[in-house]
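Nothing fancy with the numbering, it's 1 onward along the sequence. Just so you know, ligand 1 is whichever comes first in the structure, and atom 1 is the first atom listed for that ligand.
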Amino acid sequence: MVDFQYSAMAGRLRRSEIRELLKLTRNPETISFAGGLPDPAIFPYDAVEAASLRAIHACGRHALQYSPTEGDPFLKEQLIQFMARHGEPVKPENLLVVASSQQGIDLLSKVFIDPGDPIIVERPTYVGTIQAFRAFNADFHGAEIDHDGVIPEKLEQLVIRLIDEGRKPKFVYLIPDFQNPSGITLSLERRSQVLALATAYDLVIVEDSPYRELRYEGDLLPSLYSLDRDGRVIQLKTFSKIFCPGFRIGWMVGPAEVIDKFVMAKQGTDLCTAAYVSIIAGFLIQDGHLEKQIEISKKLYQRKRAAMLAALEKYMPKIDGLWWSKPEGGMFLWLQLPEGIDANDMIDDAIDLKVAFVIGSCFFHDGSNRNTMRLNYSYPTEEQIAEGIRRLATLVERRLAVSPVR
Ligand SMILES: Cc1ncc(COP(=O)(O)O)c(C=O)c1O
């Protein structure tokens with residue numbers, strides 16, 4: 001037997017609860033609201049095929065070679081133009097191409113987190129971020145959110161407390177648009193308030209923004225990055241939700257000094273993001289396919305969101321303490337059950353009824369709020385959404401019948 005001497009970090013690594021849960025949903029009859037997957041029916045296969053051939057014909061030597069760690073220059077240029085079209089002007093030295101935003105989160109951890117460092121995340125927040133920061137032994141502090149996103153007064157109290165303890169947070173990690181998991185958006189007024197707080201207490205803000213462009217109603221809100229006047233916002237962007245996740249293409253935007261640190265961290269991780277995929281992505285953006293895909297996704301997901309909201313309205317029991325968010329975009333909706341109901345206890349029944357969801361508590365760094373769940377509506381068909389919510393409502397009814405609701 002080999003005695004493998006693992007690092008302390010390896011000891012902290014955990015498999016993603018969602019990825020584990022997804023295994024349960026392999027049964028083709030199961031209707032899954034559990035993943036965070038775009039609908040493959042709308043993946044732009046023809047455009048990708050054409051761009052792939054073009055990349056190899058037009059740029060074969062570059063496409064099959066290493067590229068600069070900062071990112072393939074052609075893709076960077078296309079990303080800069082894309083950002084400018086969406087109200088976010090950016091200079092080349094402020095942008096780093098990464099292997100999707102999960103890599104960005106990992107680089108962020110490498111560059112900022114020493115074991116025990118305090119960081120602030122929303123309650124709830126993206127589970128993949130909890131997983132990454134936890135590996136670096138971050139000291140999590142949760143900022144409460146309501147229907148308009150993170151609550152500035154609560155955030156300020158938390159920051160003051162940490163500073164008073166001599167433990168200024170390394171950064172505040174926020175998902176301002178159609179947050180994963182809750183679907184909630186940080187209001188415009190609060191964006192300004194959060195930035196004013198950041199200036200007052202000299203905080204770094206991390207804006208994770210995979211869903212911003214997927215807005216189905218109302219106006220696109222300015223990003224924290226575009227509103228920031230101090231150079232204290234680091235933004236994470238990705239192809240995954242607005243194009244397709246198989247590309248593993250994303251980008252980080254931030255102050256040149258910080259981007260330089262990310263570049264050095266990335267050199268130890270993967271040297272560079274794949275040149276071939278980068279060039280394909282560049283052609284797709286140049287030819288307008290990214291924007292086209294965003295429009296197609298918005299139309300489809302808007303219908304699916306409406307289908308889910310209608311089904312919830314129709315099938316869910318009308319009782320106090322049961323509510324769900326009404327996202328204006330993105331891919332997720334948040335369902336809260338009455339206090340005392342544990343979504344964990346519903347898993348066996350869910351397998352039995354062939355419907356899958358993600359337990360909300362895995363989006364809380366302390367595992368609390370067990371009476372919540374995240375529902376994804378981008379992946380299932382509209383018919384599956386209606387039937388799946390009907391099954392979920394049966395499950396809730398069953399649980400209510402056996403659980404004393406506090
Ligand atoms: C908020 C958030 N950040 C980051 C990611 C990671 O996405 P990717 O690595 O595919 O860009 C996700 C994926 O669901 C997400 O919801």
Would you say Gln103 has any N or O atom under 3.5 Å from an N or O of ligand 1, going by distance alone?
->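 So ligand 1 has no N or O lying under 3.5 Å from an N or O of Gln103.
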In a check of side-chain hydrogen bond (donor to acceptor under 3.5 Å, both in side chains) between His86 and each of Glu291, Lys237, Glu213, which one passes?
->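 Only one option passes, and that is Glu291.
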Among [options], which residue places a heavy atom closest to [atom]?
| atom | options | value |
| --- | --- | --- |
| atom 7 (O) of ligand 1 | Ser101, Gly36, Gly246, Gly128 | Ser101 |
| atom 16 (O) of ligand 1 | Phe247, Tyr211, Phe332 | Tyr211 |
| atom 13 (C) of ligand 1 | Arg248, Gln102, Lys241, Lys237 | Lys241 |

Taking the six-membered ring for Trp, are Trp334 and His147 ring centroids under 6.0 Å apart?
->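 For Trp334 and His147, the ring centres are not under 6.0 Å apart.
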Would you list the pairs meeting side-chain hydrogen bond (donor to acceptor under 3.5 Å, both in side chains) in which at least one residue belongs to residues 57-67, sequence neighbours left out?
->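 Residue pairs with at least one partner in residues 57-67: there are none.
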Taking only heavy atoms of [X], which atoms of ligand 1 are found under 4.0 Å from at least one of them?
| X | value |
| --- | --- |
| Asn180 | 14 (O), 15 (C), 16 (O) |
| Ile175 | 1 (C) |
| Pro210 | 1 (C), 2 (C), 3 (N), 15 (C) |

In the protein, which heavy atom is nearest to [atom], and how far is it?
| atom | value |
| --- | --- |
| atom 12 (C) of ligand 1 | Tyr126 CZ, 3.4 Å |
| atom 3 (N) of ligand 1 | Asp208 OD2, 2.6 Å |
| atom 10 (O) of ligand 1 | Ser240 OG, 2.6 Å |

Could I get the full list of ring-ring contact (aromatic ring centres under 6.0 Å, His included) partners for Phe239, not counting sequence neighbours?
->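 Partners of Phe239 by the ring-ring contact (aromatic ring centres under 6.0 Å, His included) criterion, ordered by chain and then number, come out as Phe243, Phe247.
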Taking Arg215 for its side chain and Arg212 for its backbone only, find out whether a donor-acceptor pair lies under 3.5 Å.
->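 A pair under 3.5 Å: no.
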Side-chain touch Leu400/Pro338, heavy atoms, less than 4.5 angstrom |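 Touching, per the 4.5 Å side-chain cut-off.
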Anything under 30° is parallel, anything over 60° is perpendicular, the rest tilted; go ahead and classify Tyr216 against Tyr301.
->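 Correct class here is perpendicular.
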